[in-house]
Amino acid sequence: LRRKVLLASAAVGPAIRARRRLTVPKLTLGILVVLVVCFTAQISFPALLSLSERSPMVVHGQAWRLITAPWFQDGGLSGTLLNLTMLVAIGWAAESELKRRCWIAAYVCGGLAGGLAGLAWQPIGAGNSIAILGVAGALFAARGIRAESPPQRLYRASPLFICLLMAGLRDIHGVAALAGAVTGLISISATA
């Protein structure tokens with residue numbers, strides 16, 4: 001929990017300090033609505049979580065679980081509220097700095113990479129924090145690339161070192177953020 005909050009604050013802090021004119025985060029709000037609908041469905045139909053979560057059944061023909069798990073939440077109401085708050089903060093900051101297709105690609109790749117790591121490290125689970133931290137990873141990478149000097153690049157990309165450490169500690173959130181960073185680098189390179 002502390003690691004997720006640390007990464008979220010690292011993603012949002014520079015946007016607040018820069019006092020950028022932030023527009024309405026339409027993509028972030030759209031994902032927020034989908035996640036609220038998924039959580040509401042999960043509460044209304046409790047079996048939905050067990051059908052959607054990541055599990056060893058992925059290797060037995062239920063590959064859809066890698067796609068559905070990041071849309072549901074096994075942390076109950078408190079986990080959902082934390083993740084939705086992180087989504088608004090990180091998503092809004094990312095929408096001011098990333099192209100929408102990069103934002104979406106980082107969300108999807110973070111969710112998939114975190115889910116694959118989860119199969120090895122915590123085989124049963126669901127949660128959208130991995131997808132959200134994929135977006136944070138893309139944001140960290142973009143800030144590092146766009147910095148004006150090597151020391152600034154290192155400073156702005158420094159949250160990625162935390163992600164590396166998290167991945168080394170077998171935390172799926174670190175893997176998700178690193179996947180988002182790679183996605184962001186590819187996206188930025190493709191448009192440069």
Side-chain angles (χ1 to χ4, degrees), residues 3-39 66-73 79-118 126-147 153 156-164 166-167 172-192:
R3 294 176 191 154
K4 291 193 300 188
V5 172
L6 177 65
L7 288 178
S9 63
V12 175
I16 292 170
R17 285 192 299 275
R19 292 188 177 93
R20 289 191 176 102
R21 184 173 163 251
L22 297 176
T23 59
V24 175
K26 294 176 186 169
L27 181 56
T28 300
L29 293 176
I31 297 292
L32 179 78
V33 167
V34 172
L35 292 176
V36 167
V37 167
C38 288
F39 185 70
L66 287 174
I67 296 166
T68 57
W71 297 96
F72 293 90
Q73 179 62 40
T80 299
L81 292 175
L82 173 63
N83 288 354
L84 295 179
T85 303
M86 282 187 352
L87 171 65
V88 170
I90 292 169
W92 197 339
E95 277 195 69
S96 71
E97 297 184 43
L98 302 173
K99 293 187 185 252
R100 282 193 175 155
R101 67 177 170 251
C102 177
W103 194 111
I104 292 167
Y107 189 91
V108 170
C109 290
L112 287 174
L116 287 169
N128 35 57
S129 59
I130 55 177
I132 295 165
L133 289 176
V135 176
L139 184 58
F140 299 146
R143 287 178 179 160
I145 292 259
R146 293 180 181 140
R153 283 188 195 102
R156 289 187 179 176
S158 63
L160 292 174
F161 295 112
I162 295 169
C163 299
L164 276 170
M166 289 170 65
I172 64 175
H173 299 93
V175 172
L178 291 173
V182 170
T183 303
L185 291 173
I186 291 170
S187 177
I188 291 165
S189 298
T191 58

Exercise: identify the closest heavy-atom pair between [X] and [Y]:
| X | Y | answer |
| --- | --- | --- |
| Leu98 | Ala142 | CD2-CB, 3.5 Å |
| Arg153 | Gly144 | CG-O, 2.8 Å |
| Ala106 | Ala138 | CB-CB, 3.6 Å |
| Pro70 | Ile130 | CG-CD1, 4.4 Å |
| Gly184 | Cys102 | CA-SG, 3.7 Å |

With rounding to the nearest 0.5 angstrom, report the [atom1] to [atom2] distance, [X] to [Y].
| X | Y | atom1 | atom2 | value |
| --- | --- | --- | --- | --- |
| Leu178 | Leu164 | CG | CG | 5.0 Å |
| Asn83 | Phe39 | CG | CZ | 10.5 Å |
| Ile132 | His173 | CD1 | NE2 | 9.0 Å |
| Thr28 | Leu84 | OG1 | CG | 12.0 Å |
| Leu139 | Ser96 | CG | OG | 7.5 Å |
| Arg100 | Leu27 | CZ | CG | 6.0 Å |

(message) Please determine whether the number of non-hydrogen atoms from other residues, nucleotides or ligands lying under 6.0 Å from atom CZ of Arg146 exceeds 12.
(response) yes
(message) Quick one: does any side-chain atom of Trp92 pair with a main-chain N or O of Thr23 as donor and acceptor, under 3.5 Å?
(response)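 Yes, the answer is positive, given that a donor and an acceptor are paired below the 3.5 Å cut-off.
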(request) Kindly say whether Val135 contributes a backbone atom to a donor-acceptor pair with the side chain of Trp103 at under 3.5 angstrom? (result) no
(message) Pair Leu35, Thr80 - check side chain to side chain contact (heavy atoms under 4.5 Å, CB included), show working.
(response) CA-CA 9 Å; Leu35 292 176; Thr80 299; over 6 Å; no
(message) Taking side chain to side chain contact (heavy atoms under 4.5 Å, CB included) as the criterion, tell me which of Asn128, Leu87, Val36 meets it with Ile31.
(response)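 One option only clears the test, and that one is Leu87.
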